[in-house]
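Below is one structure, written out as structure tokens, with a few remarks after it.
Since we're looking at a predicted model, the values are computed, not measured. Numbering of residues begins at 1 and proceeds along the displayed sequence. In listed order, ligands and their atoms are each counted from 1. Side chains are part of it too, since the values below use all heavy atoms of this structure and drop only hydrogens, waters and symmetry mates.
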Amino acid sequence: ANETSTGSESKSLGDAQWEFPRDKLIIEETLGEGEFGRVMRAQAWNINGQNGYSTVAVKMLKGEESLSEQRDLLSEFNMLKEVSHPNVIKLLGACTQKGGPLYIIVEYAEFGSLRSYLRKNRSSGFECNDVNMFQVGNPMYFSDSGDICHRSSAKLTKRDLVSFAWQIAKGMAYLSDMKLIHRDLAARNLLLAEGNVIKISDFGLSRDVYEGDTYLKKTKGRVPVKWMALESLEDHIYTSKSDVWSFGVVLWEIVTLGASPYPGVQLERLYHLLKAGYRMEQPDTCSDKLYDIMLMCWRENPYNRPSFKDLVHRLDMMLQESA
Ligand code: ADE
């Protein structure tokens, strides 16, 4: 890097370094869709030092989106430029030139989202209904408590599940060292690549920490209530410790093979329940050790929660024991 360059110069140099020609991209099918964004599978010609075509994932906006969605996608792009870790999704390039939509090109994770992968690995043929996590006041209640996953999967062992948790903690420890807060850590935003490697993804809501270790979200956007720490629900405070709370919910998602957290609890009631000390109970399939970790992640005072480094250590020990 050129030490004498100004911030804006290095930024444009960075963009040039990542720019990928649109005409070398063959867009295929949709991999996932959010409210504003869409991820498509594509073939990219000679990308990232690979000869010939490679399968990649391309993130884009769905239509004529407002400036704030544009900004979120750009912020995800800028975030991804800064990071490099085996458990964080890798940026491969971007199409940023005018005359076409903004495309962010990342590595392809062949097994898709951790949530869908866990649910596919349930051996029962039970139709799993889902409560939309963003919808306030959902009148419907679909029971998806532990009883539908009591038959353990032939494909995934308990050790595989602990390994997923360990890898997520590793990636998150890296991000928190980088002063990056994810803000939307959930099984739906974790991807699984070849060799059962976890890739932390969906940085659309993530923010750099500029002041101290707290990000204060100013505007009231749509928020993943059932993954949020008390202080995020209460005061829109986001820190690595609020990511740790979300990690606890992800642990719960993992041990239930992708169930929806707080089944039957309406979003507008959740804050008062948590404030009164209520926490999700220990799933049938969950060891005491893992449940203890969840409860630590859900401590009311953020400072009393473990750090991601602590979590890596605890999960490491659990992996050693089951080796
Ligand atoms: N769905 C969303 N992002 C993806 C990716 N990078 N690879 C595979 N499926 C995805």
Side-chain angles (χ1 to χ4, degrees), residues 18 20 22 24-45 47-50 53-63 65 69-70 72-96 101-121 130 132-134 155-156 160 164 167-168 170-172 174-175 180 182-206 222 224 227 246 250 253-254 257-258 260:
W18 290 109
F20 188 77
R22 281 178 207 282
K24 290 187 176 177
L25 208 54
I26 304 169
I27 305 278
E28 297 173 329
E29 61 174 27
T30 301
L31 294 169
E33 233 169 277
E35 197 185 352
F36 303 108
R38 175 183 288 148
V39 181
M40 310 270 301
R41 193 183 66 202
Q43 300 298 322
W45 180 254
I47 198 166
N48 199 39
Q50 283 281 318
Y53 280 111
S54 349
T55 304
V56 296
V58 179
K59 192 157 187 178
M60 60 191 77
L61 294 171
K62 273 207 235 175
E65 308 301 347
E69 277 78 53
Q70 288 272 1
D72 283 353
L73 193 58
L74 264 176
S75 121
E76 181 163 12
F77 177 41
N78 287 319
M79 203 76 70
L80 287 171
K81 284 184 215 166
E82 315 276 313
V83 297
S84 169
H85 188 276
N87 299 116
V88 176
I89 200 85
K90 187 179 167 191
L91 180 68
L92 299 177
C95 308
T96 66
L102 172 62
Y103 287 167
I104 310 295
I105 309 165
V106 297
E107 66 182 312
Y108 175 67
E110 64 171 279
F111 297 126
S113 95
L114 177 62
R115 184 172 189 271
S116 64
Y117 186 78
L118 291 168
R119 291 171 85 93
K120 270 187 228 134
N121 272 275
D130 197 7
N132 185 338
M133 72 255 176
F134 294 114
K155 284 173 262 173
L156 282 174
D160 290 328
F164 291 156
Q167 293 181 63
I168 300 161
K170 281 282 246 194
M172 289 306 299
Y174 168 80
L175 291 177
L180 292 173
H182 192 289
R183 299 205 313 154
D184 199 8
L185 186 60
R188 63 180 172 275
N189 291 334
L190 294 161
L191 295 168
L192 206 57
E194 205 179 347
N196 275 4
V197 177
I198 291 277
K199 304 283 176 180
I200 298 168
S201 171
D202 272 271
F203 291 74
L205 290 177
S206 67
R222 293 187 136 199
W227 282 261
S246 310
V250 171
E253 293 183 276
I254 290 174
L257 296 181
S260 301

Interfacing atoms of ligand 1 (cut-off 4.0 Å, heavy-atom, Val106):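 The atoms of ligand 1 under 4.0 Å from a heavy atom of Val106 are 6 (N).
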Which atoms of ligand 1 are found less than 4.0 Å from any heavy atom of Tyr108?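 Answer, ordered by atom number: 7 (N), 8 (C).
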Among Ile89, Leu175, Asn189, find the residue that satisfies the side chain to side chain contact (heavy atoms under 4.5 Å, CB included) test when tested with Ile200.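 With Ile200 as partner, side chain to side chain contact (heavy atoms under 4.5 Å, CB included) holds for just one option, Leu175.
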Between CG on residue Leu190 and CG on residue Leu185, distance to nearest 0.5 Å: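 Result: 5.5 Å between the selected atoms.
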With a cut-off of under 6.0 Å to the ring centre and 45° to the axis, is Lys170 in cation-pi contact with Tyr174?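 No - Lys170 does not lie over the ring of Tyr174 by the 6.0 Å and 45° rule.
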Looking only at protein heavy atoms, identify the closest one to [atom] and say how far it is in Å.
atom	value
atom 2 (C) of ligand 1	Val39 CG1, 3.6 Å
atom 4 (C) of ligand 1	Leu191 CD1, 3.5 Å
atom 9 (N) of ligand 1	Leu31 CD1, 3.6 Å

Taking atom types as modelled and ignoring hydrogens, do the side chains of Thr55 and Gln43 form a donor-acceptor contact shorter than 3.5 angstrom?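 A donor-acceptor contact under 3.5 Å links the two side chains.
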Is there a polar contact, in the sense of an N or O pair closer than 3.5 Å, between Glu107 and ligand 1?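 Yes, since at least one N or O of Glu107 sits under 3.5 Å from an N or O of ligand 1.
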Please work out whether any backbone atom (N, CA, C, O) or any side-chain heavy atom from C-beta onward of Ala109 is under 4.0 Å from ligand 1, and answer side chain, backbone, both or neither.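 Both the backbone and the side chain of Ala109 come within reach of ligand 1.
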Donor-acceptor check, side chain of Gln167 to backbone of Asn196, threshold 3.5 angstrom: yes or no?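 Yes, the answer is positive, given that a donor and an acceptor are paired below the 3.5 Å cut-off.
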Please work out whether the ring planes of Phe111 and Tyr117 are parallel, tilted or perpendicular, with thresholds of 30° and 60°.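 Because their plane-to-plane angle lies in the 30° to 60° range, the rings of Phe111 and Tyr117 count as tilted.
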